[in-house]
Amino acid sequence: KGQIGEVHQLLDEIEAIGLHMDLVAYSILIHGYCKLGEIERALQVCQMMCSKQVMPNSFTHGAILSGLCKKGMLEEARWYLDNLASNGQMVDIILYNIVIDGYAKIGDVDGALELYEQILKLGLSPTIVTYNTLIFAFCKIGKLTVAEHFLRQIELNGLNPTVVTYTTLMDAFVGAGNTDSMLRMFDEMIEKATMPNVITYSVVMKGLCKQGRLQKAIDILKYMHMAGICADQITYNTLIQGFCEVRNIEMAFRIHDEMLQHNLMPTPVTYNLLINILCLKGKVDYAEQFLNSLLDKGVRLR
RNA sequence: GAGCCAGCA
């Protein structure tokens, strides 16, 4: 939750009682700092634990690697990873996955592939997460054919595609304007008895909206309720975005209302969409009124 | 008791 103040209080308390932080506790702390983007602090904690003879393990290194990757510091992450390996430490597949994902996120498929090959050379077994990440990497740069090739590779390697595998590909197809292939993937997933989740359905809805099949998208939402899959804020935002695209203020707000009825707090994205469509329709005064009502309620707008 | 992958303006 990013409540670092509370954490410091606890640390003081731990010390006051005379307890000692152990490996898990330190790793969690390091993970927390990395999530906040405070790599410096994380590394300091890592140094401190070492000085207390508590040696980092793979979880600890994983936290640091994700932190570096999230900051886009791939050079550093790569250096860190290579160092672990050359120091004879056991580098497990998860650490590779983390850095491969780092490359994927910045669109560096070569970096990702290089590590993938290193994994194979070391005799480590790629996991489904490795493949999902590689698929994401290729989707990200628009090489959907290669991405789909990896889907087949997964099965050849005796692994099972997961909901993440399919959803990643589906989203890429939607992004490429190929809703038919998205639906083809969806069917394949169902055939393989893989359960779609809220993210999968949101992607399906995004594709349908993009094709202007808004009623179909609403049908999906209804189906989700029936199937007991809770739509979340992103699901609703996706639908609202669909209606904004066709300038249907009425429906956009109706979905917003439905969101509230389901006890989901609209997000800043929701409000941006609604205010934007009001403006686009020339109802700037209305938009301002809406905005002011939000400000009065003290709603978080970013 | 802790670590990796997918969706919204």
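Side chains included, hydrogens not; waters and symmetry mates left out as well; all remaining heavy atoms used. Just so we're on the same page: letters track the sequence lines, and every chain starts at 1. The model shown is predicted, which means the values in this text are computed figures rather than measured ones.
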Judged by modelled atom types alone, do [X] and [Y] share a side-chain donor-acceptor pair under 3.5 Å?
X	Y	value
A:Gln44	A:Glu40	no
A:Tyr131	A:Gln153	no
A:Thr127	A:Thr130	yes
A:Thr168	A:Asn132	no

Rounded to whole Å, please give me the gap between [atom1] in [X] and [atom2] in [N].
X	N	atom1	atom2	result
A:Asn160	B:rC5	CG	P	20 Å
A:Tyr201	B:rG7	OH	C1'	14 Å
A:Met170	B:rC5	CE	C1'	16 Å
A:Ile255	B:rC8	CD1	C1'	14 Å
A:Lys206	B:rA6	NZ	P	13 Å
A:Leu273	B:rC8	CG	C1'	7 Å
A:Leu169	B:rG7	CG	C1'	14 Å
A:Tyr26	B:rG3	OH	P	19 Å

Between A:His256 and A:Leu273, is a side-chain contact (heavy atoms from CB on, under 4.5 Å) present by the stated rule, with each step listed?
CA-CA 10 Å; A:His256 159 265; A:Leu273 287 167; over 6 Å; no

For a quick check of understanding: with a heavy-atom distance under 4.0 Å over all strands, which category does [X] fall into, base, sugar-phosphate or nothing?
X	value
A:Val203	sugar-phosphate
A:Asn276	nothing
A:Ile98	sugar-phosphate
A:Ser202	base

Return the orientation label for the A:His262 and A:His225 ring planes: parallel under 30°, perpendicular over 60°, tilted otherwise.
parallel

Nearest to the side chain of [X] - [options]?
X	options	result
A:Asn272	B:rA6, B:rG7, B:rA9	B:rA9
A:Val129	B:rG3, B:rC4, B:rA6	B:rC4
A:Thr133	B:rA9, B:rC5, B:rA6	B:rC5
A:Asp22	B:rG3, B:rG1, B:rC5	B:rG1
A:Lys105	B:rA6, B:rG7, B:rA9	B:rA6

Under a 4.0 Å heavy-atom cutoff, the residues of residues 27-66 of chain A touching RNA chain B are A:Ser27, A:Ile28, A:His31, A:Asn57, A:Ser58, A:Phe59

Heavy atoms within less than 4.0 Å of RNA chain B: which residues of residues 224-252 of chain A have one? Give them sorted by number.
A:Asp232, A:Ile234, A:Thr235, A:Asn237, A:Thr238, A:Gln241

Grouping I, L, V, M, F, W and Y whenever their side-chain heavy atoms are under 4.5 Å apart, do A:Ile28 and A:Ile94 come out in a common cluster?
no

Checking A:Asn87 side chain against A:Gln89 main chain: does a donor-acceptor pair fall under 3.5 Å?
no

Return no unless some side-chain N or O of A:Lys210 is found under 4.0 Å from OP1 or OP2 of B:rC8.
no

A:Phe186/A:Tyr166 aromatic ring centres below 6.0 Å:
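Between A:Tyr166 and A:Phe186, which both carry aromatic rings, the centre distance is not below 6.0 Å.
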
Answer yes or no on whether A:Lys105 is positioned over the face of A:Phe136, meaning its NZ or CZ is under 6.0 Å from the six-membered ring centre and within 45° of the axis.
yes

Whether the side chain of A:Asn197 and the base of B:rG7 hold a donor-acceptor pair under 3.5 Å is what I'd like checked.
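Check fails, no donor-acceptor contact within cut-off.
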
